[in-house]
Protein chains: 2
Amino acid sequence: MTNKRKFDPATRRAGETLASSTYASLRRDIIDGAIPAGSQLRVRHLGERYGVGFSPIREALNRLARDGLVRQVDLRGFTVTPLNRAELEEITRTRCWLNELALRKSIERGDAAWEEGIVIAFHRLSRISVSAPVNGSEGDSNAISRFNPENDTAHRAFHASLISACGSSWLLGFCEQMFDQSDRYRRLAKPSVRQGRQHDEHRLIMEATIARDVDKAVDLMNRHLLRTAELGYMALGEAMSPAQAVAAAMSSLEAVPAER
Amino acid sequence: MTNKRKFDPATRRAGETLASSTYASLRRDIIDGAIPAGSQLRVRHLGERYGVGFSPIREALNRLARDGLVRQVDLRGFTVTPLNRAELEEITRTRCWLNELALRKSIERGDAAWEEGIVIAFHRLSRISVSAPVNGSEGDSNAISRFNPENDTAHRAFHASLISACGSSWLLGFCEQMFDQSDRYRRLAKPSVRQGRQHDEHRLIMEATIARDVDKAVDLMNRHLLRTAELGYMALGEAMSPAQAVAAAMSSLEAVPAER
DNA sequence: CGACGAAAAATGTTCGAACATTCCGTATTC
DNA sequence: GAATACGGAATGTTCGAACATTTTTCGTCG
């Protein structure tokens, strides 16, 4: 009954460190935008917010720096990697290049198991894409771009499955990193907007890939990624009015509505 | 006179944290092989060795994980990323792909300043390549593959300069990461072996690149990277006898000759 | 003798106090 | 009034003790 062990603050699975669970929470909050881009990440405030000490926070922030989601400067702490058009342009460019490369190699080398993996990933994405938007269990429909773990996982898994046979776990990791970066911009757009043609695009990419039509698959993929980036551009134009930009730059974590 | 401030253990520049300097030292020792591949990195031992507490060590290890030089497992600490043929093969493959991509884009987009950057980088590499081997100031000629900061910096800078105009700092970072990985294998070979044709290869790559002969430059680059990988394969065959492999896997830091 | 298991050692992790630096408002000077 | 100097508050960094888990050791049992 005395579940009040010192290193066990409720939200922790077996064999997982506080640093890992805090990393997951922080990552979620950053990608989702709950912690605004550009804001300072102060160790003390974060510790208070997530209910842990300095060490796990620092560890988590280091891992986020690994993902490129936060930046670190000696003696000046951590900052959420800012969002702007120049960055989005570079991220999109890089993402297209790397995905084209990985997709070509993957289609070259992929076997039957690889094809089946794509089909399964697409199927799971289909199921969740339609059921997720009606998620009214929490009644937080006012939250515009609320994070949806299932949908996120399925979307990520589908994109990963396409290139999973490329023959380089390094390249896969780089592509996933660019996916994360890109996803931060995509989440700026309202779900209603971004839900639009994405699913059809995914289906076409899958079909061309499995048909081993390399050039068509690559072309569809590039268009898909560019269209995704468009969502980010539009959202940046709308959402980042000067006032909000300043607010994002200045606001620290205490300005964020606390959600546990 | 009282230079005995608590957070100032001699080897520290202004504005630099202990974590940063420890990161640099550890990185050096790992790439150089002073800390053997596959060995466990125990926070307490490292702290004693580098004269710092747990926090900077942990921070440094996290940054090394960012570089892919160490691996981390929850509750089981950090390990130097092991060296083996399968990894070398994948690293080489990925490195060739990414460098080809970056070199093509760089030649497309590069301007005069980019060309001059290459020429300067090559010049610096030339100067150091001939002067470095005769470095007898420390008299440690018995150290086979001793780390040479100047040469290392120049070599890295030359490879970076070729692709610096590719238009993506992300891609540049990924290429640098693959450079580091590859360099660990290259350093397994004796300097006398690896000093061989490398310099001529660098010159040919530079010439083809500046002449904007894309296909030739890419071909030379790929051959260069593959030849570099060959050094690693040979060294792995020689150096990694089963006995040594076991020793490397088992030995912790205390087995390493202490050098400060 | 080997399998199993409990105690002990070693190691990874977390905490909060203490220290160092930066940031920012205020006062001083010219 | 602007530039500079000062000083306190806020924040980043480091330390070592304390705690949790893993690994090793060693005794016991079958």
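Fair warning: this is a prediction, and the values are worked out from it, not measured in the lab. Just so we're on the same page: letters track the sequence lines, and every chain starts at 1.
Between A/E59 and A/R63 a salt bridge is recorded (basic side-chain N to carboxylate O distance below 4.0 Å). Ion pairing between B/D152 and B/R187 holds under the 4.0 Å rule for side-chain N and carboxylate O.
Using bins of under 30°, 30° to 60° and over 60° for the plane-to-plane angle, the ring pair A/H159/A/F179 lands in the tilted bin.
Comparing D/dT14, D/dG12, C/dC15 against the side chain of B/P56 picks out D/dT14 as the nearest. Taking only side-chain atoms of B/V43, from C-beta outward, the nucleotide of C/dG16, C/dG12, C/dT14 with the closest atom is C/dG12. For B/R44, the listed nucleotide lying nearest its side chain is C/dG12; candidates were D/dC15, C/dG12, D/dG16. Out of D/dG16, C/dA17, D/dG12, the shortest distance to the side chain of A/F54 is found at C/dA17. The side chain of A/L75 sits closest to C/dT21 out of D/dT11, D/dT14, C/dT21. The side chain of B/S55 lies closest to D/dT14 when the candidates are C/dT14, D/dT11, D/dT14. Listed nucleotides D/dT22, C/dT22, C/dT11 differ in distance to B/R76; the shortest reach to its side chain belongs to D/dT22.
Of the side-chain N and O atoms in B/H45, none sit less than 4.0 angstrom from OP1 or OP2 of C/dA10.
Among residues two or more places apart in sequence or in another chain, the salt bridge (charged side-chain N to carboxylate O under 4.0 Å, His left out) test is passed with A/E176 by A/R156.
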